[in-house]
Amino acid sequence: MQKTITVSAPGKLLLLGEHSVVYGYPCLVTSVNQRLYLTATLIPDDELQLEAPDVKINGYKKLYKDLGTGEIPKGARFIEHGLANFLRKYPFQGGVRIETKSDFSSQYGFGSSSASTVCLIKAISELNGIHLSKSELFEISYHTLLDVAGKGSGFDIAAAIYGGVLYYVTPGKVIEPIEVTDLSLVVGYTGIKVDTVQVVNEVAQLKTEKPELVHSQFETITTLVEKAKIALIQKNWSEFGRFMNVNQEALDRLGVSSAKLDAMVTAARGAGAFGAKLSGAGRGDCMIALVSSEKKNVVCEAVNAVGGQVIPIQTNVAGVNIEI
Ligand code: MEV
C-alpha cells in the first residue's frame with residue numbers, strides 16, 4: 001500500500017458576490033495559481049502529527065482518541081477536525097503525519113484553511129484506496145469548515161476542489177464551471193489580515209438592525225453576479241469591470257470596505273482598470289482590479305503608490321491535484 005502522497009490545491013479570489021453568498025445568493029470565484037501543498041504519510045501509531053510552519057505549527061501531535069477535543073491551536077483546527085470527520089466516515093488503522101507548505105501567506109485571504117482541508121481529505125482518502133468524487137470531497141471538507149468556523153458559504157472549498165472559474169450557490173447547491181480565458185487581475189494586499197467570521201457576523205448584525213438595507217444590497221449584488229456571469233462568458237471586460245464597480249458600492253453600503261481598500265480601488269480605476277473592488281470579507285485582505293494586458297503595469301504601479309502590496313497571480317487554474 002502507498003504510504004506517502006503529496007497533493008496541492010489552489011487559492012481563490014472572489015470576483016463578485018461576497019457576503020450575500022453566505023445567505024444563499026450566487027457568487028463568482030476564480031482559483032489562483034498560488035497553491036497549498038500537503039504531504040500525508042501513514043504512520044504506525046494512532047495519532048495525528050502535524051508540521052505546518054506557515055501557520056506556526058511545529059511538532060504538533062494529538063492522539064486519535066482526543067481529536068477535536070481540548071485546546072487546539074488556530075493553525076491546526078482545520079486539519080484536526082478534517083481528520084476527525086474523515087475517520088468517522090472511513091475509519092482506518094494507524095495514524096498520519098501531515099506536512100503543509102504554501103506558496104502564499106495565510107494573511108492574504110486566499111483561502112489557505114479551505115485549501116488545506118481539501119488537500120487533507122483528498123490525501124488521506126487516496127492513501128486508503130478511497131477515490132472520493134468531487135461532491136463527496138466537498139461534503140466532508142465543507143462539514144469541517146462549519147465545525148471550525150461555525151459559518152461560511154463554502155465557495156472557497158469549491159474553488160480548491162474544482163479549480164477554474166465557478167458560479168457557486170451555497171452550500172454547493174450549484175457549482176458551475178465557467179469557460180473563461182484571459183481573466184487578468186491585479187491583486188493588491190492591504191497588509192491587514194481580516195477575521196472573516198467576525199466581518200460576516202457584523203454583516204449579520206446589520207441585517208438584524210437594518211433588514212431592508214441589507215436585503216436590497218444582496219438583491220443588487222445578485223443581479224450583478226448574474227449579469228457578470230454572462231459578461232464573463234462573452235469576454236465583455238468593460239461590462240464585467242462596471243459590474244465589479246457597482247458591487248464595490250454595494251459592499252461599501254454594507255460597511256465592509258475601508259480607507260485602504262477605497263484608495264487602492266480608486267488608484268486602479270484611475271490608472272485604467274476596467275473595474276476594481278474588494279475581494280473577500282472586506283475591511284482588509286485584498287483588492288482586485290480587472291485589467292487589459294496594456295494597462296497591467298500601470299495599474300500595478302498605481303496600487304503600489306497608495307501602499308498596496310501587489311501579489312502576482314494567474315487566474316483560472318487546476319483544482320486539487322495529486323502531485324506525487
Ligand atoms: C469571505 O472570503 C467571503 C464571505 O462571503 C464569507 C463566505 O462566503 O464564507 C464574506
Side-chain angles (χ1 to χ4, degrees), residues 1-12 31-132 137-138 140-145 147-149 156-157 159-161 163 193 317-324:
M1 189 164 81
Q2 190 181 356
K3 279 223 151 43
T4 297
I5 193 169
T6 298
V7 299
S8 76
K12 55 74 194 170
S31 52
V32 297
N33 64 335
Q34 302 216 4
R35 300 183 78 83
L36 185 130
Y37 296 84
L38 180 146
T39 299
T41 306
L42 296 177
I43 54 172
D45 297 336
D46 281 2
E47 67 176 15
L48 163 68
Q49 298 177 358
L50 178 59
E51 294 293 337
D54 294 329
V55 285
K56 301 188 176 64
I57 299 291
N58 299 292
Y60 184 75
K61 287 185 181 182
K62 195 79 166 267
L63 292 175
Y64 269 12
K65 67 178 181 54
D66 298 330
L67 281 179
T69 64
E71 189 64 24
I72 308 174
K74 203 165 176 227
R77 284 180 198 154
F78 283 86
I79 295 292
E80 193 169 321
H81 280 279
L83 181 58
N85 282 334
F86 183 82
L87 284 167
R88 259 192 288 279
K89 213 164 174 189
Y90 302 104
F92 64 89
Q93 292 293 314
V96 65
R97 178 179 167 79
I98 301 293
E99 291 156 84
T100 63
K101 172 118 203 57
S102 183
D103 286 340
F104 58 92
S105 162
S106 61
Q107 308 290 300
Y108 292 168
F110 278 10
S112 57
S113 304
S114 298
S116 62
T117 308
V118 166
C119 283
L120 170 82
I121 306 299
K122 176 77 177 170
I124 55 178
S125 57
E126 291 293 328
L127 279 181
N128 284 284
I130 301 159
H131 305 296
L132 297 176
L137 185 53
F138 179 87
I140 303 175
S141 305
Y142 185 51
H143 186 169
T144 302
L145 174 110
D147 284 350
V148 178
D156 36 9
I157 299 273
I161 295 172
K193 170 69 190 150
V317 302
V320 66
N321 183 39
I322 296 174
E323 300 284 325
I324 39 169

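Note that the structure is predicted; figures quoted are calculated from it, not measured.
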In sequence, state the C-alpha distance, the side-chain angles, and the governing distance for Val7 and Glu126, and then conclude on side-chain contact (heavy atoms from CB on, under 4.5 Å). CA-CA 10 Å; Val7 299; Glu126 291 293 328; 5.8 Å; no
Does the side chain of [X] reach to within under 4.5 Å of the side chain of [Y], using non-hydrogen atoms?
X      : Y      : value
Leu145 : Thr117 : no
Val96  : Phe86  : no
Pro10  : Val32  : no
Tyr90  : Ser125 : no

Once the angle between the rings of Phe104 and Phe110 is folded into 0 to 90°, is it parallel (under 30°), tilted (30 to 60°) or perpendicular (over 60°)?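 Tilted, since the angle between the ring planes falls between 30° and 60°.
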At their closest point, which heavy atom of [X] faces which heavy atom of [Y], and how far apart are they?
X      : Y      : result
Cys119 : Leu38  : CB-CB, 3.7 Å
Lys12  : Ala159 : CB-CB, 3.7 Å
Leu36  : Ala115 : CB-CB, 4.0 Å
Ser8   : Glu323 : OG-OE2, 2.7 Å

Kindly indicate, with the supporting measurements, whether the criterion side-chain contact (heavy atoms from CB on, under 4.5 Å) is fulfilled by Lys62 and Leu83. CA-CA 11 Å; Lys62 195 79 166 267; Leu83 181 58; over 6 Å; no
Enclosure of Lys101 NZ (heavy-atom neighbours >12, cutoff 6.0 Å):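 Open.
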Pairwise distance [atom1]([X]) to [atom2]([Y]) - rounded to 0.5 angstrom:
X      : Y      : atom1 : atom2 : value
Tyr142 : Ile157 : OH    : CD1   : 9.0 Å
Asn128 : Leu42  : CG    : CG    : 6.0 Å
Leu50  : Glu99  : CG    : CD    : 9.0 Å
Ser31  : Asp156 : OG    : CG    : 12.5 Å
Thr41  : Ile124 : OG1   : CD1   : 12.5 Å
Ile79  : Ile121 : CD1   : CD1   : 8.0 Å

Donor-acceptor pairs under 3.5 Å, side chain of residues 51-60 to any protein atom, not counting sequence neighbours: which ones?
unit_1 : atom_1 : unit_2 : atom_2 : d
Glu51  : OE1    : Gly59  : N      : 3.2
Glu51  : OE2    : Gly59  : N      : 3.0
Asp54  : OD2    : Ser102 : N      : 2.6
Tyr60  : OH     : Glu80  : OE1    : 2.6

Contacts of type side-chain hydrogen bond (donor to acceptor under 3.5 Å, both in side chains), residue Asn33, not counting sequence neighbours: none
Would Ile322 and Lys122 satisfy side-chain contact (heavy atoms from CB on, under 4.5 Å), going step by step from the backbone distance to the final call? CA-CA 8 Å; Ile322 296 174; Lys122 176 77 177 170; 4.1 Å; yes
Identify every side-chain donor-acceptor pair in residues 66-77 under 3.5 Å, counting partners at least two apart or on other chains, and give the distances.
unit_1 : atom_1 : unit_2 : atom_2 : d
Thr69  : OG1    : Asp66  : O      : 2.5
Arg77  : NE     : Ile72  : O      : 3.1
Arg77  : NH2    : Ile72  : O      : 3.4

